[in-house]
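Lettering of chains follows the sequences in order, A, B, ..., and the numbering in each one begins at 1. Worth saying up front: this structure is predicted, and the values here are computed from it rather than measured.
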There are 2 protein chains.
Amino acid sequence: MSNTIKKAFEIVQLIEKNQGKYTLTDIVKILGINKTTAFRNLKTLEELNILEKINNLYYLGISLFEMGSKVYIKQIVIEKIHPILRELSEDVNETVNLAKIHNGMVLYLDKIESKRSLQIQSSIGDTLPLYCTSLGKSILSILPEDEMREIIKNINFERTTNKTISNPKKLIEQINEIKLKGYSIDDEEFEEGLVCISVPLYLKHHNFYGSFSLSGPSIRFDQATLLELSKKLKKYKNIIIEKLKH
Amino acid sequence: MSNTIKKAFEIVQLIEKNQGKYTLTDIVKILGINKTTAFRNLKTLEELNILEKINNLYYLGISLFEMGSKVYIKQIVIEKIHPILRELSEDVNETVNLAKIHNGMVLYLDKIESKRSLQIQSSIGDTLPLYCTSLGKSILSILPEDEMREIIKNINFERTTNKTISNPKKLIEQINEIKLKGYSIDDEEFEEGLVCISVPLYLKHHNFYGSFSLSGPSIRFDQATLLELSKKLKKYKNIIIEKLKH
DNA sequence: GCTCATGGTTTCACTATATGAAACTTCGTT
DNA sequence: AACGAAGTTTCATATAGTGAAACCATGAGC
């Protein structure tokens, strides 16, 4: 049903993956669709400012920015939480990330970069696997048991570092630990030299299953520091829950 | 051409205007389309997470947030400018807004609220007329002459306060003044009690015609203060231009 | 607890509408 | 100037979206 919309969306998704990389012909080849169809759909999408064409290369268009700014979670949840996360970031002088679960993945919602942060590893709007980020593990720990197991069942474990969790058993073990401790750690499990610590964030009224984290280089994030940070995270978590109660 | 996409977009635009207000039947009535068509398109849009249905009411979906976060202007321009605007906001302790021109309107791109700001008058992603905001007038002052005149020709002047500019002649007068002074003021021209001051921002390399502003209650924004703020704005403008030079 | 009304959902025949092969244009390169 | 590669337009065709009508679910009123 309504294949045309889906086809158009497929094109937009392709452009989302690689902005400024693809030309009409590329798109036709990659998606295996007819040239004329692609041409017309691209034209329409351009007219609607959903895509933008510069030198025959396609980019996401400004309509998406406009509409994206008005999504409930952005206007209500993120905007309200943002100033609190900003305080946290200034308090500990580290980079803060906010995320929620979406389609069995971690979706990055907000980010406050500390002045001393170097690497840019994630951008708002990115999605990453649940099992290799502290954010994801935190979220898993607050999901209803059966939902959590269903999601884990469908995970395809892929290593990105030699510390990456590589099987469901180990993941579930860690999740049980997180449930007790109230926070999760990613100790270079996704990227060498990068350590993150997260606390889960459940906002009942907004049907929000998410988490937020502090991240930085492993040199700075030793055991003692992590314990300190976990306390800070929990403190700000309570502030957020209080603010978004109704 | 590709009417299906346009029809779908029309629906999304309607939802954008009033999230959580419309049901299938409402949409059918408002847009004057067939019920079955609307039903199917809504279903598809829902499947793609472009729309979300809660209790038969439609909201913008999370796909729009994801894609919106990756629009060039957001990832490159806004993210880079944001920390500078944050400094400005903290420096003067007032609310900062960033905007660009889009379809002859002011499009709000970013906002840093000061702790003492009360009213929320604009949200990121909103569009407002050019002639009744300081942001818009600043932008008009840096557009190529013919483009500026073309845009002004198409403006439908509508008063929202008794100070609103109500004819092209007065607007062009003010624009010429702004060109000399290097900043523009909105003295309760859009909303009673609200004063804004903006400087234009042209980023050649990014083909960016925009501006940023400070805004607050008229009590606080007297003549002397405005002069001070204009100097601050110009200072930060230069910092931004320097940072986004290449 | 039955009836009615309202709004959401499904069916199915129809034709309007999107499709795609081929022709054509544009532009940059040799 | 000729060639090739990429974008654009044409037009016949049939697929895929359309919409009237029937159907179902829910909730209000009696």
Can you list the residues that meet the side chain to side chain contact (heavy atoms under 4.5 Å, CB included) rule with B:E145, with sequence neighbours excluded? B:M148, B:R149, B:K179
Rounded to whole angstrom units, what separation is found between the CD1 atom of B:I27 and the C1' atom of C:dT6? 17 Å
Name the orientation class of the two ring planes belonging to B:H82 and A:H82 (parallel below 30°, tilted from 30 to 60°, perpendicular beyond 60°). perpendicular
Here the ring-ring contact (aromatic ring centres under 6.0 Å, His included) pairs for residues 125-159 of chain B, sequence neighbours left out, are B:Y131-B:F157
Measure from the side chain of A:T37, starting at C-beta and using heavy atoms only, and say which of C:dT10, D:dG17, C:dT19 lies closest. C:dT19
For B:K70 and A:Q19, test the side chains for any donor-to-acceptor distance below 3.5 angstrom and give the result as yes or no. no
Close N or O pairs between protein and nucleotides 20-25 of chain D (under 3.5 Å):
{"from": "D:dA20", "atom 1": "N6", "to": "B:T36", "atom 2": "OG1", "distance (Å)": "2.7"}

Per A:F39 side chain, nearest of listed nucleotides D:dT18, C:dT19, D:dT8: D:dT8
With sequence neighbours excluded, what pairs up with B:T95 under the side chain to side chain contact (heavy atoms under 4.5 Å, CB included) test? B:N97, B:K111, B:E113, B:S114, B:S117, B:S215
Quickly work out the B:K6 NZ to D:dG17 C1' distance and round it to whole Å. 17 Å
B:I5 CD1 - C:dT17 P separation (whole Å): 15 Å
Counterpart residues, salt bridge (charged side-chain N to carboxylate O under 4.0 Å, His left out), relative to B:K237 (two or more places apart): none
May I ask you to decide whether B:E10 forms a salt bridge with B:K7, counting only side-chain N to carboxylate O separations under 4.0 Å? no
B:K21 atom NZ, over 12 foreign heavy atoms within 6.0 Å: no
B:R40 has its side chain closest, among C:dT19, D:dG17, D:dT18, to D:dT18
Determine whether B:L244 and B:H205 make a side-chain contact, defined as any pair of heavy atoms from C-beta on separated by less than 4.5 Å. no
ring-ring contact (aromatic ring centres under 6.0 Å, His included) involving A:F212 - partner list, sequence neighbours excluded: none
Residues in ring-ring contact (aromatic ring centres under 6.0 Å, His included) with A:Y209, at least two apart? A:Y202
Please report, rounded to the nearest Å, how far the C1' atom of C:dG20 is from the CG atom of A:L24. 13 Å
Can you tell me the distance, in whole Å, between the NZ atom of B:K43 and the P atom of C:dG7? 20 Å
Measure the distance from NZ on A:K29 to C1' on C:dG20 and round it to the nearest whole Å. 18 Å
Can you name the ring-ring contact (aromatic ring centres under 6.0 Å, His included) partners of A:Y59, sequence neighbours left out? none
For D:dG17, does either OP1 or OP2 sit under 4.0 Å from a side-chain N or O belonging to B:K7? no
Sequence neighbours excluded - ring-ring contact (aromatic ring centres under 6.0 Å, His included) pairs with any residue from residues 18-47 of chain A: none
With no hydrogens and no angle check, just 3.5 Å: does a side-chain donor-acceptor pair link B:S138 and B:S184? yes
Distances under 3.5 Å between nitrogen or oxygen atoms of protein and nucleotides 27-30 of chain C:
none

Taken to the nearest whole Å, CG/B:L42 to C1'/D:dT18 is 15 Å
So which protein nitrogen or oxygen atoms get under 3.5 Å of nucleotides 27-29 of chain D's nitrogens or oxygens?
none

Whole-Å gap separating P (D:dG17) and CG (B:L45): 13 Å
Please state whether the phosphate of D:dA16, meaning OP1 or OP2, lies under 4.0 angstrom from any side-chain nitrogen or oxygen of B:T4. no
Using a cut-off of strictly less than 4.0 Å between a heavy atom of the residue and any atom of DNA chain D, enumerate the qualifying residues of residues 51-62 of chain A by number. A:K53, A:N56
